[in-house]
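Structure first, commentary second.
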2 protein chains.
Amino acid sequence: MDADVYAKDCPSRQVLDRIGDTWSVLVVLTLARGPRRYTELATKIEGVSPKMLTQTLRALERDGLITRTVHAVVPPRVDYELTKLGISLLDLVDALEGWAQTHMGDVIEARAAYDGRPPQA
Amino acid sequence: MDADVYAKDCPSRQVLDRIGDTWSVLVVLTLARGPRRYTELATKIEGVSPKMLTQTLRALERDGLITRTVHAVVPPRVDYELTKLGISLLDLVDALEGWAQTHMGDVIEARAAYDGRPPQA
DNA sequence: CGGCATCCCCCGGGATACTG
DNA sequence: CAGTATCCCGGGGGATGCCG
């Protein structure tokens with residue numbers, strides 16, 4: 001198999017897209033330290049709508065990155081948890097978060113410089 | 001500074017978004033082994049439209065991840081190159097590509113299993 | 001509580017054509 | 001060659017309302 005992310009039809013491109021999705025990343029990060037309930041995820045991840053959260057969770061489940069466990073109690077309780085595959089992704093996603101935090105300042109600076117300078121300097 | 005990616009207004013979230021963008025990732029990957037011209041990028045990265053390529057390049061430039069060098073020749077020649085900051089991101093993005101390629105098979109399998117099974121098994 | 005369905009709006013982004 | 005400008009469409013995604 002080629003697994004060429006540059007090829008628009010290669011599945012690896014789709015996988016890359018999934019990893020790239022912000023909500024996916026945040027969900028995986030939130031599940032880093034064990035199972036979480038739907039509401040916990042919704043609360044922790046600011047700005048995500050119920051629709052997008054569900055959609056993201058389904059996509060991650062479909063891709064085998066998380067499991068969805070329904071507890072037959074009332075009120076209902078649903079736990080989401082990283083699979084082995086999901087855990088293997090965790091290191092990466094963690095690094096992503098780290099990079100974003102570490103270099104956030106640099107990026108902000110760069111933006112200011114770029115915006116402050118006349119277009120055709 | 002908090003640098004909380006879960007906070008919807010934290011700049012780190014925006015940085016995360018930029019990293020997440022598929023075109024950004026592919027551009028950075030393409031620039032991994034040295035400067036590339038606009039057309040080279042357009043050719044290498046399948047499926048990207050001129051509009052999106054330009055837009056992506058501008059965003060990356062603004063964030064200080066790449067530089068844009070215009071050579072005063074005719075026909076015009078423009079080179080894009082990773083900055084130090086961009087290079088620091090390269091390792092991550094490389095790992096991303098690697099993960100996508102390595103686990104592509106697992107994901108495809110998981111999807112087949114998920115899709116093949118009746119909704120409420 | 002944890003969804004799914006529906007509606008609807010907005011804009012991301014592709015296609016096409018033109019310019020320096 | 002390396003863009004920019006314009007048009008336009010599809011669907012991403014928010015809001016709301018209803019079930020188990």
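Keep in mind the model is a prediction, meaning the values are calculated, not measured. In what follows, chains carry the letters A, B, and so on, assigned in the order in which the sequence lines appear, proteins first and then strands, with residues in each chain numbered from 1.
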Nearest whole angstrom, please: distance from the P of dG3(D) to the CG of Asp79(B). 10 Å
Hey, does Arg68(B) have a side-chain heavy atom less than 4.5 Å from the side chain of Leu57(B)? no
So, the side chain of Arg13(A) versus the backbone of Val5(A): is there a donor-acceptor pair under 3.5 Å, distance only? yes
Tell me the interatomic distance from Leu57(B), atom CG, to dG3(D), atom P, rounded to whole angstroms. 7 Å
Nucleotide nearest Met52(B) (side chain, heavy atoms from C-beta), chosen from dG13(C), dC1(C), dG13(D): dG13(C)
Considering only side-chain heavy atoms of Arg58(A), which listed nucleotide, dC7(D), dG3(C), dG13(D), is closest? dG3(C)
Check the phosphate of dA2(D) against Arg68(B), side-chain N and O only, distance under 4.0 Å to OP1 or OP2. Yes or no? no
Report the residue (Arg77(A) or Pro50(B)) whose heavy-atom-nearest nucleotide on DNA chain C is the more 5′ of the two. Arg77(A)
Counting only heavy atoms and a strict 4.0 angstrom limit, can you tell me which residues of residues 4-38 of chain A come near DNA chain C? Arg37(A), Tyr38(A)
Can you list the residues that meet the ring-ring contact (aromatic ring centres under 6.0 Å, His included) rule with Trp23(A), with sequence neighbours excluded? none
I need the CG-C1' distance between Leu53(B) and dA15(C), as an integer number of Å. 16 Å
Tightest non-hydrogen contact, residues Val48(B) and Ala42(B), listed as CG1-O, 4.2 Å
Closest of dC4(C), dA2(D), dG3(D) to the Thr54(A) side chain is dC4(C)
If you pin Glu40(B) and Gln55(A) to their nearest nucleotides in DNA chain D, which one's is more 5'? Glu40(B)
Using a 3.5 Å distance criterion without hydrogens, assess whether the side chain of Thr30(B) forms a donor-acceptor pair with backbone atoms of Leu41(B). no
Tell me every residue that passes salt bridge (Lys or Arg N to Asp or Glu O under 4.0 Å) with Arg111(A), counting only those two or more places apart in sequence or in another chain. Asp63(B)
note: His71(B), atom NE2; dC1(D), atom C1'; distance rounded to Å ~ 13 Å
So, the side chain of Tyr38(A) versus the backbone of Pro50(A): is there a donor-acceptor pair under 3.5 Å, distance only? yes
Write down the distance between NZ (Lys51(A)) and P (dT16(D)), rounded to a whole number of angstrom. 14 Å
Picking from dC1(C), dT6(C), dG14(C), which would you name as closest to the side chain of Pro76(A)? dC1(C)
